[in-house]
Each structure stands twice: as C-alpha cells, then as structure tokens.
2 protein chains.
Amino acid sequence: MNLTPNLTSFVMHFGEMGSRWGFNRTVGQMYALLVISAEPLTANELAETLNISRGNVSMGLKELQSWQLVQVSHLPGDRKDYFRAIGSIWDMAKRVIEERRKREIDPTLSLLRDMLLDKPASAQEKHAQQRLQEIHDLLESVTNWTNELQRLSPDNLSTLLKLSSGVGKVLDMKDKFIGKEERKKNR
Amino acid sequence: MNLTPNLTSFVMHFGEMGSRWGFNRTVGQMYALLVISAEPLTANELAETLNISRGNVSMGLKELQSWQLVQVSHLPGDRKDYFRAIGSIWDMAKRVIEERRKREIDPTLSLLRDMLLDKPASAQEKHAQQRLQEIHDLLESVTNWTNELQRLSPDNLSTLLKLSSGVGKVLDMKDKFIGKEERKKNR
DNA sequence: TATAATTTTCAGAAATTACTGAAACTTCAA
DNA sequence: TTGAAGTTTCAGTAATTTCTGAAAATTATA
C-alpha cells in the first residue's frame with residue numbers, strides 16, 4: 001500500500017508516541033495504519049508499507065490482539081488473514097483505558113491491599129502505611145471509575161466527555177441534588 | 001536509611017511499575033521512597049538506600065522535579081539538599097495527569113489539528129481524515145477534562161472520584177440540572 | 001582567594017528491548 | 001500424502017535506554 005506523505009507522517013508520529021502509550025514503535029505504526037485504512041490489511045501489506053520484517057508484524061499483531069484493538073477477518077476463497085482496527089473510536093478508547101488499568105494499576109492495587117493487611121511493625125511503617133492507604137484509596141476509586149466507564153453506552157460516554165467544562169457545575173449541583181434526595185428519604 | 005522488608009518490596013514494586021508510568025525503574029524507586037518517608041531525604045541517602053550511583057540519583061531527581069513531584073528543602077547550617085514528595089495525594093494525582101497529558105496527548109493533538117487543516121487529496125485521505133477527526137475530537141475532550149480536573153479543589157476531586165459508582169448519577173444530575181436551567185431560561 | 005562540601009554532567013559500560021530472517025509449524029486443497 | 005500458501009517462533013543482532021563513576025562545576029565558608 002502506498003501512503004500520501006501526510007498519512008505517512010501521521011503513521012510515523014503514532015509510532016513515536018506508541019512508546020508513551022505502552023507499546024513499541026512498530027506496533028504503534030501498525031495500529032495507526034490499520035485505523036486510517038478503509039480496507040482490512042494483510043500482514044504482508046503491513047510489513048511492506050512500513051518496511052519492517054514479516055516476523056515483527058506477526059509479533060506486533062499478537063500484541064494488538066492482546067489489547068483487543070484489532071480483529072482478524074477472512075475473504076471467501078482466500079486463506080490470508082485480514083486485519084482491521086476494531087469498531088468505533090469509543091471502543092478503542094474503552095480498550096485502551098481497560099488495558100492500561102490492568103497493566104498500570106491492578107498490580108499495584110493488589111500489592112497495596114496485601115501490605116495494608118499487615119499491622120505496622122515500626123514507627124516508620126506506621127507513617128508509610130498512612131500514605132499507602134491514601135494511594136490505595138485513590139487507585140481504588142480510579143478502578144471503580146474505569147469499570148463504570150466500561151458499562152457506558154457510546155452515547156453516554158460521549159455525553160460524559162463533552163460535559164467536561166461542567167464538572168464543576170455538576171459537583172456544585174450534586175450538593176443540592178443529594179441534599180434533596182436525603183430530605184425526601186428523611187421525610 | 002534502613003527499610004523493613006515490606007517497605008523494600010513496595011519500593012521495588014514501584015520501581016518495576018515506574019516504566020509503565022513513564023519513568024524508569026530507579027526514578028520510580030526514588031519516588032516511592034520519598035513518598036513513604038516521614039522525613040525529607042538527601043541525595044546520598046537515596047543512593048545508599050537504593051544501592052544506585054550518586055550520578056543516577058542526581059538525574060532521577062531532575063526528572064522528578066520536571067514532573068513537579070518533589071520539592072527541595074534545606075536545614076539551617078546544612079548545605080545539603082533535602083528532598084520530599086510534594087503535598088497531598090491529590091496533588092500527586094493532578095501532577096501525574098497533567099504531565100502525562102502533556103507527553104501523551106498534546107503532541108498528537110497538535111499534529112492532528114494540522115492534518116485536519118489540509119483538504120483531503122485522495123479517496124484514501126478522505127477516509128483517513130474522518131477517523132482522524134474522531135480521534136481529534138476524543139483527545140480534545142480528554143484534554144478539556146484534565147484541564148477541568150486541575151481546577152477542582154481536593155475536596156471536589158475527592159467527591160468526584162468517590163462518585164464512581166454513579167457515573168450514571170452524574171449524567172442524571174446533569175440532565176436535571178441542565179433541564180432546570182433550560183426551564184428557567186424559557187420561563 | 002583557597003578549599004571543602006556538595007551537586008551535576010557526561011562518556012562509556014551494562015542492561016534491556018526491539019527487530020530480523022530463516023526455520024518450524026499449520027492449514028488447506030488436490 | 002504432498003506441497004503450496006500462509007503464519008509463528010526464536011536465536012542472534014541491532015538499537016535504545018539506563019546506569020556508573022570520575023571529572024567538572026557550583027556554592028558556601030574561612
């Protein structure tokens with residue numbers, strides 16, 4: 001496949017950014033290419049377009065599949081695997097959030113849980129545990145949020161994202177809202 | 001400084017995770033140590049406790065300062081620099097969000113903006129631009145959110161996080177709130 | 001101004017991570 | 001079965017990143 005210079009520079013940029021997003025350069029390039037391509041691509045097309053080895057493409061696709069960011073499909077009467085980026089932009093966002101949570105938060109959260117079960121054995125540990133508790137609570141909240149996000153429909157997710165500038169407003173509102181609900185309950 | 005085995009394992013774990021969070025192993029260890037330490041530490045204490053070279057500590061501290069995650073302080077009559085992790089857990093969370101946005105989103109967003117200014121020159125580019133537009137919009141929303149988060153007081157940030165199981169609730173609130181505002185306007 | 005205390009820099013070594021390409025494997029069709 | 005079409009694996013190499021430690025720079029004190 002031949003890319004216009006513009007698209008090439010996007011693909012390359014995405015490769016550079018890839019490392020900041022948790023996968024390596026070529027995996028980033030492969031994903032960018034799949035995202036902008038109108039048609040599914042074969043592993044060979046990826047290798048040729050990006051000038052990387054066939055073996056590397058195979059490994060990269062495995063990685064992208066583990067992120068659940070690409071899908072394989074087939075054409076009747078053609079044995080080759082065709083790859084495409086999964087669904088909508090919202091699906092991608094959800095997957096990235098989910099995967100990063102698994103990799104960046106879960107392991108730490110589970111270690112923190114264990115550590116907090118131990119009684120602090122010294123003044124040093126006592127102070128440390130306080131900080132660890134705070135970190136634990138924060139990470140747990142973040143985890144809850146991401147779980148909740150997974151459940152949202154694309155529509156609601158979109159609404160929520162666009163709400164940004166109103167977070168403050170909504171929070172102020174929350175007091176009134178909760179207040180009202182509480183009053184109802186206690187009536 | 002001598003750490004208990006428990007704390008040592010936390011510090012080491014944080015080092016391993018460090019690479020997933022955007023800094024390297026020793027920087028992660030250094031930060032973990034500063035976070036759990038009740039007292040500010042000198043560069044030499046860090047180097048000794050973690051068994052890494054003095055030079056490495058110097059570079060690592062520079063990195064942590066660029067993330068604005070540590071502060072230097074001094075003791076009267078002592079020329080050494082003492083380092084401590086900045087403020088509260090909320091401050092840390094904000095810094096991390098802010099820095100990651102700068103590193104992981106801003107550059108891509110700015111490239112996407114440029115690309116979307118060009119008229120698509122081919123069918124290929126036309127299709128690609130549609131996807132790029134979607135990505136652009138998503139990243140822009142995320143950026144708006146993080147900006148908004150920066151502005152939130154620790155109190156509100158905490159409330160927002162704990163609201164987790166109520167992302168749905170946030171949306172409900174928004175509807176009622178907006179609805180009320182609209183009704184007011186139209187009255 | 002000299003010197004002692006401390007921090008920073010940076011060239012090269014060490015460690016880690018990514019990539020290639022040839023061989024092994026799988027799958028299907030004849 | 002055989003072999004053609006395709007994919008995966010992995011040992012070895014290349015590229016990148018991290019770390020060390022000695023030298024240079026900085027800063028305070030006498």
Side-chain angles (χ1 to χ4, degrees), chain A residues 1 11-34 40-67 70-84 103-104, chain B residues 1 11-34 40-67 70-84 103-104:
Chain A
M1 188 163 67
V11 169
M12 291 305 134
H13 171 89
F14 220 86
E16 300 311 323
M17 296 309 284
S19 53
R20 305 196 176 172
W21 279 89
F23 31 75
N24 68 36
R25 189 156 38 92
T26 46
V27 171
Q29 293 172 358
M30 290 169 51
Y31 187 55
L33 191 45
L34 289 172
L41 303 174
T42 63
N44 278 325
E45 286 173 318
L46 286 168
E48 282 162 28
T49 309
L50 300 173
N51 270 296
I52 56 181
S53 76
R54 188 61 187 67
N56 197 1
V57 169
S58 178
M59 290 188 297
L61 285 169
K62 228 168 66 179
E63 167 92 359
L64 286 172
Q65 282 172 302
S66 88
W67 280 75
V70 303
Q71 277 174 338
V72 196
S73 59
H74 291 96
L75 261 50
D78 182 343
R79 286 169 56 182
K80 287 194 283 301
D81 289 348
Y82 285 80
F83 298 88
R84 72 163 89 244
R103 289 156 205 238
E104 301 178 355
Chain B
M1 189 163 66
V11 168
M12 292 304 135
H13 170 89
F14 219 87
E16 301 311 322
M17 296 309 284
S19 54
R20 306 197 176 171
W21 279 90
F23 31 74
N24 68 36
R25 188 158 39 91
T26 44
V27 171
Q29 293 173 357
M30 288 169 50
Y31 187 55
L33 190 45
L34 289 172
L41 303 174
T42 63
N44 278 326
E45 285 173 319
L46 287 167
E48 280 162 30
T49 310
L50 300 173
N51 269 298
I52 57 182
S53 75
R54 188 59 188 66
N56 198 0
V57 169
S58 179
M59 291 188 297
L61 285 170
K62 228 169 67 180
E63 168 90 1
L64 286 172
Q65 280 172 304
S66 88
W67 280 75
V70 302
Q71 279 174 336
V72 196
S73 58
H74 291 96
L75 261 52
D78 183 344
R79 285 168 60 179
K80 288 195 279 299
D81 289 348
Y82 285 80
F83 297 88
R84 71 164 90 243
R103 289 157 205 236
E104 300 178 359

Given DNA chain D, 5'-ward residue of the pair A:Asn44 and A:Ser19, judged by closest heavy atom:
A:Asn44

Tabulate atom names and distances for all N/O pairs under 3.5 angstrom spanning the protein and nucleotides 25-30 of chain C.
| from | atom 1 | to | atom 2 | distance (Å) |
| --- | --- | --- | --- | --- |
| C:dT27 | O2 | A:Arg79 | NH2 | 2.4 |

Mind calculating the distance between CD (A:Glu16) and P (C:dA18) to the nearest angstrom?
13 Å

Expected output is a numbered-order residue list: members of residues 58-67 of chain B with a heavy atom under 4.0 Å from any atom of DNA chain C. What is it?
B:Ser58, B:Met59, B:Lys62

Rounding to 0.5 Å, atoms CD (B:Glu104) and OG (A:Ser19) come to a distance of 9.5 Å

Outer limits of DNA chain D sitting under 4.0 Å from a non-hydrogen atom of chain A, read 5' to 3', are D:dA4 to D:dC10

Nearest whole Å is fine: how far is C:dT6 C1' from B:Leu75 CG?
15 Å

Interface residues of residues 21-33 of chain B with DNA chain C (non-hydrogen, below 4.0 angstrom):
none

Residues 23-34 of chain A side chain polar contacts: donor-acceptor under 3.5 Å, at least two apart:
| from | atom 1 | to | atom 2 | distance (Å) |
| --- | --- | --- | --- | --- |
| A:Asn24 | OD1 | A:Thr26 | N | 3.2 |
| A:Asn24 | OD1 | A:Thr26 | OG1 | 3.1 |
| A:Asn24 | OD1 | A:Val27 | N | 3.0 |

Separation between OH of B:Tyr82 and NE2 of B:His74, rounded to the nearest 0.5 Å
9.5 Å

CD (A:Glu45) and CD (A:Glu48) are apart, to the nearest 0.5 Å, by 7.5 Å

Calculate, to the nearest 0.5 Å, the distance between atoms CG and CE belonging to A:Leu50 and A:Met12 respectively.
5.5 Å

Find the distance A:Arg54:CZ to C:dT20:P and express it as a whole number of Å.
13 Å

Donor-acceptor check, side chain of B:Arg20 to backbone of A:Arg103, threshold 3.5 angstrom: yes or no?
yes

Please tabulate, for side-chain N and O atoms in residues 54-64 of chain B, each donor-acceptor pair with protein atoms closer than 3.5 Å (sequence neighbours left out).
| from | atom 1 | to | atom 2 | distance (Å) |
| --- | --- | --- | --- | --- |
| B:Arg54 | NE | B:Asn44 | OD1 | 3.1 |
| B:Glu63 | OE2 | B:Trp67 | NE1 | 3.1 |

